[in-house]
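Right, one structure below, let's go through it.
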Amino acid sequence: MTVLALSALWSTSVALANDGPSPDLFAEQSGPDVELMLRLHEGGEPGIDSQLDLARDGEPLLTDHRFSRDDAVASDWYCGGGDSVMYGPLDHMIDCEVEPEYCEDCGDSDVMCPIGGCYEMYDIPVVDACVPEGEHTWTLQQHGSSWVPASVTLDVQPSDEACDDTGEGDGSSGGCGCQSASATPGLALGLLMLGIGVLARPRR
Amino acid sequence: MLWSWALSFVLTLVTELPVAAWVLRHLPRPAWHVPAVAAAATGLTHPVFWWLLPRWFDHYWSYIVVGELGIIAVESLVFLALLRPVGWREAVRASAWMNGVSYLVGLGLRHVVGLG
């Protein structure tokens with residue numbers, strides 16, 4: 001019973017301590033294209049270091065894609081790091097305006113966070129070229145997860161500008177469908193685990 | 001994300017505990033003991049797999065394969081330590097069956113109803 005209680009405490013603690021900020025997704029029409037802006041956080045769930053899937057109306061635009069900090073057109077600081085940072089050695093949430101001695105200036109940016117809690121967030125543009133008129137929904141999620149932490153819907157209007165879907169530029173425009181999420185490796189892994197179970201059968 | 005993890009954790013427990021109870025049904029222990037230890041083992045490994053491990057891998061399948069095999073190893077050790085007189089083969093067998101079944105169930109749910 002003690003082990004079970006400790007296990008429950010452990011799993012809850014790890015989950016709460018690592019529940020980072022979700023990404024944001026913005027969309028704006030530009031002629032026949034839609035310019036998406038992904039805001040990804042350092043330490044986010046999913047974040048800048050995650051493998052991501054980006055889709056329009058369920059159709060993949062980017063699959064299992066990891067962005068680089070160099071892809072960002074802007075970055076800013078935010079306070080993260082979970083409760084252990086936000087509470088520090090105190091028994092209450094740190095307010096940096098009231099208790100600056102427990103805080104630091106993130107990268108000399110005038111953004112004050114509890115010590116150890118400075119994290120960066122990045123704005124990364126992605127162009128979805130030649131989007132048909134009508135209402136569309138873009139979703140961003142961690143590869144392999146069904147949870148959709150960010151989505152945006154835009155009613156795309158007809159455009160007089162010519163559509164040029166060459167896929168040039170940042171390499172992320174258009175529906176590339178780069179790497180489909182096949183179930184075959186997963187099936188093989190599941191069967192491998194069952195195989196280990198069979199092979200480990202005790203000798204009588 | 002927290003809700004997503006909690007749902008995955010509950011689904012994992014619902015799948016794995018009966019498997020553990022069935023594989024280790026011959027152990028001379030109270031009926032609740034094996035599921036309780038299996039729940040503790042899953043509670044130990046599942047949050048690490050979900051929250052921490054993705055940070056250490058660049059490639060999705062490396063993360064999944066190493067993570068699942070690591071879970072089998074760790075949970076086997078938990079069974080060895082807490083479910084005596086279980087042998088190491090039985091411990092590995094129980095853990096491998098638990099995780100194999102729950103992984104395949106999760107895979108099926110993801111493709112059938114979009115869960116997982």
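In what follows, chains are A, B, ... by sequence order, proteins preceding strands, each numbered from 1.
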- Message: Within the supplied structure, the quantity of interest is the number of heavy atoms (other residues, nucleotides, ligands) at a distance under 6.0 Å from A:Glu97 CD; does it exceed 12?
- Response: no

- Message: Can you tell me which portion of B:Leu44 sits under 4.5 Å from chain A's heavy atoms? Options are side chain, backbone, both or neither.
- Response: both

- Applying side chain to side chain contact (heavy atoms under 4.5 Å, CB included) between A:Met37 and each of A:Val73, A:Asp24, A:Ile124, report the one that passes. A:Val73

- Taking every heavy-atom pair that is under 4.5 Å apart, which of B:Val92, B:Leu104, B:Val101, B:Val37 has the most such pairs with chain A? B:Leu104

- Task: Measure the distance from the SG of A:Cys118 to the SG of A:Cys79 and say whether it is below 2.5 Å.
- Result: no

- If you count heavy-atom pairs under 4.5 Å with chain A, which of B:Gly87, B:Ala36, B:Ala41, B:Ala94 comes out on top? B:Ala36

- Message: Any heavy-atom pair between the side chains of A:Leu38 and A:Pro23 that's under 4.5 Å?
- Response: no

- Query: With a 4.5 angstrom heavy-atom cut-off, which part of A:Leu199 approaches chain B: side chain, backbone, both or neither?
  - Reply: backbone

